[in-house]
Amino acid sequence: MAGVYVVVEHDQGQLAPSAGEALTAARRLSDHLNEPVIAVVIGEATTEFVSLCEEHGIPKAVSVLDPQIVDYGPELWGQAMAELFSLTEARVVMATGTDRGNEILAQASARAQIPFVANCINAEFSGAWELTRMQWGGSLLEDVTLDTSSLFISYAHHSVEAEPLAAASATQIESIEMNLDPVLCRSLVQDRVTLSEGTTLSTAAVVVSGGRGVGSAEGFASLEALAGLLSGKVGCSRAVTNNGWRSHADQVGQTGTRIAPDIYIACGISGAIQHWVGAMASKNILAINTDPEANMVTKAGYAVIADLHEVVPAIIAEIERRRGNSTST
Amino acid sequence: MRILVCVKRVPAPGSRINVTPDSLNVDTNHLGFTTSPHEECAVEEAAQIVEQHGGGVTVLTVGPSEAEEQLRYAASVGATAFVLVSNDTGIDWDPQQTADAIIESIAELEADQGQFDLILFGNESADSGGHQVGIRVAVALGRPAVNGIKGIEVGVQGVTARREVDGGYEVYSLEIPAVLGVKEGINLPRYPTMKGRLASKKAEISARETQVAPGAQQRRRLHQPEETVIETEILGTSSDAAPKIVDLLEELGVL
Ligand SMILES: Cc1cc2nc3c(=O)[nH]c(=O)nc-3n(C[C@H](O)[C@H](O)[C@H](O)COP(=O)(O)OP(=O)(O)OC[C@H]3O[C@@H](n4cnc5c(N)ncnc54)[C@H](O)[C@@H]3O)c2cc1C
Ligand SMILES: Nc1ncnc2c1ncn2[C@@H]1O[C@H](COP(=O)(O)O)[C@@H](O)[C@H]1O
């Protein structure tokens, strides 16, 4: 049993933003285990895939081929990884813990009958596996041990930063032809629908968010106006979506969207841990809350202790005043 | 449609998740409990499908006897049959053990009452978030499974399911029987009505015992992630703070 096999995620040939993270995490684990890294692409090895492997100094990559792999399908991809695992006698199969990464590994590990540990932030082996993984979307950590030799592991998304090497080196690509069970094509992607192009809540530079303190759906009008002035997006807490004031697409948190804006303006949000994990990657946080003890306030870099219904319109007026001044001079 | 939904009882912590002195569990002394949110939406989705197409919704949980509370809640929002597979060891089973317990129960339920057309899971459980129990069950049953589902439409042949991706969605069409992992946001769960509360009191819960093989994954310790303590700068206590706030926005270059 040898080798750290890492799934490089892609959608119809386009590499996922997490692909570099996966290779970096795999290189570290390979150094620790003293076993080689093998990058895996399900489908054809594109030039983009090969250059990424070269930037990470991965000597060997495999392209898993089957004419039935015409698109993503959890069962087909999972079976391909399970077969690759037994064919190569891999020690570890890993991926980044994105929705797809976790899904592929869950499928593959179930088929290979090997344990899978999701969203790890650290993995070591010394006679047994010792892993630290995220629970509660990262609000709590769990140390686990497994008394097995081989393992499927996902690394929590964003827990490792992609670190290409200073000098690239050549990657040798090996193609492995498979003969996968045609029945598994039943869960291939049939169609794709694009709802919004460009900035989304998860990529916005400014997020103006409201919680129960906003009081109503109409109360969000001033937050919309402020977000508009800052070319940002409106977010909200789960209390707001539960009340039907905003769509769930706006929810920030463990079961909503994870954001990482330059500034997060949190209005009338208490900062429950499940909300916080979605917002904590923000570079700056401004909390507007009547309660100075609110978790959101004590964890924010900046705070205003006042009624959001007064503060938000005042910010809008001040921005408009300054803009008015600058256009008239 | 015969639908099975698997739900987990989880604590509902506030601003911090405290752990017990032995570090093996969440300290739930002052906490309430709830159904893991993705699964709450799965129950709602199942109730809506059955309202439209007829059939019944069975809800199954693996957990301590107190998990009866979550089953009764499901009864109050439209579920019709209830199964509690007891794990009274005081610590969660690992993902394979949980899947095994569910697989065994499904085999018995289906032998008695016929196949489930749909089995719904949450995308991941709120607490342990192993991202796999539903998929392990689906693989063992040889049924198609897709996670991350934010839309289900029942057709003549099977179901069309929408999976959320950044900026849009993917469409899957699956034959029945199928397994889906649902995400919060697929619907807005209803609140229990008066009639629902009555149904919840009357709900008959079928209790099951099971033996599971030892798990591979052993919990050693729960602990807090490292926190960076931050000094909060108070910019004001009234709308007079506006100029300072706008100064800050200018400084950050977002204006
Ligand atoms: C498993 C699980 C997952 C969850 N996932 C999420 C998630 O993804 N996202 C999420 O947000 N929550 C999530 N929650 C819910 C979370 O625990 C909280 O219940 C929720 O975040 C509270 O929302 P809130 O801060 O808006 O409301 P509250 O906690 O009620 O806070 C309202 C705040 O507004 C302030 N306020 C009131 N009036 C004013 C005013 N006029 N001006 C200024 N301030 C005012 C109050 O001081 C208070 O701090 C989850 C819970 C569980 C159990
Ligand atoms: N103890 C349990 N009882 C019933 N269903 C469960 C249990 N644990 C997990 N599940 C189901 O499996 C899904 C995935 O769980 P997990 O693999 O822990 O992320 C959850 O969303 C639930 O639907």
Side-chain angles (χ1 to χ4, degrees), chain A residues 74-75 99 102-103 106-107 110-111 115-119 135-146 148 186-187 189-197 200 202 205-206 230 244 248 255 262-263 271-273 284 295 297-306 310-311 314-315 318-319 322, chain B residues 13-17 19 26 37-38 95-96 126-132 135-136 139-140 144-148 166-175 183-185 188 216-225 230 232-239 241-243 245-246 248-249 252 254-255:
Chain A
E75 292 182 281
D99 275 355
N102 281 329
E103 182 174 49
Q107 278 280 351
R111 291 166 190 281
F116 162 45
V117 185
N119 295 337
Q135 285 208 352
W136 292 95
S139 307
L140 195 65
L141 300 176
E142 178 186 25
D143 293 344
V144 300
T145 57
L146 292 97
T148 55
R186 64 192 175 185
S187 51
V189 174
Q190 297 293 305
D191 197 6
R192 286 178 172 72
V193 176
T194 307
L195 291 178
S196 59
E197 307 254 17
T200 58
S202 63
V206 176
L230 300 172
H248 184 272
T255 51
D262 292 336
I263 183 160
I273 190 94
N284 295 279
N295 198 46
V297 170
T298 56
K299 282 186 168 170
Y302 306 93
V304 176
I305 310 304
E310 286 163 22
V311 179
I315 304 172
E318 177 67 12
I319 293 173
R322 293 193 194 183
Chain B
S15 58
R16 190 184 154 88
I17 304 174
V19 297
V26 170
H38 296 314
Q96 182 65 59
D127 54 352
S128 55
H131 288 266
Q132 57 187 288
I135 294 171
R136 286 191 181 274
V139 169
V146 185
N147 254 7
D166 208 25
Y169 54 87
E170 296 165 348
V171 182
Y172 294 83
S173 68
L174 304 172
E175 276 178 22
K183 272 196 177 179
E184 184 181 74
L188 187 58
Q217 182 179 319
Q218 303 279 335
R219 178 180 297 171
R220 295 298 171 200
R221 184 168 76 108
L222 292 176
H223 53 106
Q224 311 287 338
I230 196 160
T232 308
E233 187 182 334
I234 306 290
L235 299 178
T237 54
S238 74
S239 53
I245 298 170
V246 180
L248 172 69
L249 297 175
L252 296 175
V254 295
L255 248 184

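Sequence lines set the chain letters: A, B, ... in the order given, protein chains first and strands last, and positions in each chain run from 1.
- The side-chain heavy atoms of Leu249(B) and Val206(A), taken from C-beta on, include no pair separated by under 4.5 Å.
- Counting heavy-atom pairs closer than 4.5 Å to chain A, the top residue among His38(B), His223(B), Glu233(B) is His223(B).
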Arg219(B) and Glu142(A): CA distance, side-chain angles, deciding distance, salt bridge (Lys or Arg N to Asp or Glu O under 4.0 Å) verdict: CA-CA 7 Å; Arg219(B) 178 180 297 171; Glu142(A) 178 186 25; 2.8 Å; yes
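- For Gln190(A), the CD atom sits in a packed shell: over 12 heavy atoms of surrounding residues, nucleotides or ligands are nearer than 6.0 Å.
- How far CD1 of Ile319(A) is from CG of Leu255(B): 4.5 Å, rounded to the nearest 0.5 Å.
- Between chain B and the residues Ile315(A), Val311(A), Val193(A), the most heavy-atom pairs under 4.5 angstrom are made by Val193(A).
- Put simply, of Ala272(A), Gly244(A), Gly138(A), Ala300(A), the one with the most heavy-atom pairs under 4.5 Å next to chain B is Ala300(A).
- Side-chain atoms of Val189(A) and Tyr172(B), non-hydrogen and from C-beta on, do get closer than 4.5 Å to each other.
- Both the backbone and the side chain of Ile17(B) have a heavy atom closer than 4.5 Å to some heavy atom of chain A.
- Both the backbone and the side chain of Pro115(A) come within less than 4.5 Å of a heavy atom in chain B.
- Contact annotation for Gln96(B): neither backbone nor side-chain heavy atoms come within less than 4.5 Å of a heavy atom of chain A.
- Contact annotation: the side chain of Val146(B) approaches that of Glu103(A) to within less than 4.5 Å [non-hydrogen atoms, C-beta and beyond].
- Taking the side chain as every heavy atom from C-beta outward, Val171(B) and Arg192(A) never approach each other to under 4.5 Å.
- The distance from atom CD of Glu318(A) to atom CD1 of Ile245(B), rounded to the nearest 0.5 Å, is 9.5 Å.
- Per-residue counts of heavy-atom pairs under 4.5 Å with chain B were compared for Leu140(A), Thr194(A), Asn295(A); the largest is that of Leu140(A).
- Most heavy-atom pairs under 4.5 Å with chain B, from the set Ala306(A), Ala314(A), Gly301(A): that is Gly301(A).
- Neither the backbone nor the side chain of Glu175(B) comes within contact range of chain A; no heavy atoms are under 4.5 Å apart.
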Show your working on salt bridge (Lys or Arg N to Asp or Glu O under 4.0 Å) between Arg220(B) and Asp143(A) and close with a plain yes or no. CA-CA 5 Å; Arg220(B) 295 298 171 200; Asp143(A) 293 344; over 6 Å; no
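- Contact annotation: the side chain of Asp99(A) never approaches that of Asn147(B) to less than 4.5 Å [non-hydrogen atoms, C-beta and beyond].
- Residue with the most contacts toward chain A among Gly148(B), Pro13(B), Pro95(B), Ser173(B): Pro13(B) (heavy-atom pairs, distance under 4.5 Å).
- The candidate with the highest count of non-hydrogen atom pairs below 4.5 Å against chain A, out of Gly130(B), Gly236(B), Ala140(B), Ala241(B), is Gly236(B).
- Ser238(B) contributes atom OG, which lies 11.5 Å from atom CD1 of Ile305(A) (distance to the nearest 0.5 angstrom).
- Of the two parts of Leu222(B), the backbone and the side chain both hold a non-hydrogen atom closer than 4.5 Å to a non-hydrogen atom of chain A.
- The CG atom of Asn284(A) lies 4.5 Å from the CG atom of Leu252(B); values are rounded to the nearest 0.5 Å.
- Using a 4.5 Å cut-off between heavy atoms, Asn119(A) touches chain B through its side chain atoms alone.
- Among Asp127(B), Leu235(B), Ile135(B), Thr237(B), the residue with the largest count of heavy-atom pairs under 4.5 Å with chain A is Asp127(B).
- To the nearest 0.5 angstrom, Arg136(B) atom CZ is 10.0 Å from Gln107(A) atom CD.
- When heavy atoms are compared at a cutoff of 4.5 Å, Asp191(A) approaches chain B by way of both its backbone and its side chain.
- In terms of heavy-atom proximity, Pro225(B) sits nearest to Ser139(A) at CD-O, 3.3 Å.
- Within the 4.5 angstrom heavy-atom criterion, atoms from both the backbone and the side chain of Val304(A) approach chain B.
- For Thr200(A), the part lying under 4.5 angstrom from a heavy atom of chain B is the side chain only.
- For the residue pair Tyr302(A) and Thr232(B), the shortest heavy atom distance occurs at C-CG2, 4.1 Å.
- Remark: Arg221(B) CZ to Thr145(A) OG1 distance equals 13.0 Å, nearest 0.5 Å.
- Within the 4.5 angstrom heavy-atom criterion, only side-chain atoms of Ser202(A), from C-beta onward, approach chain B.
- The candidate with the highest count of non-hydrogen atom pairs below 4.5 Å against chain B, out of Val117(A), Leu230(A), Thr148(A), is Leu230(A).
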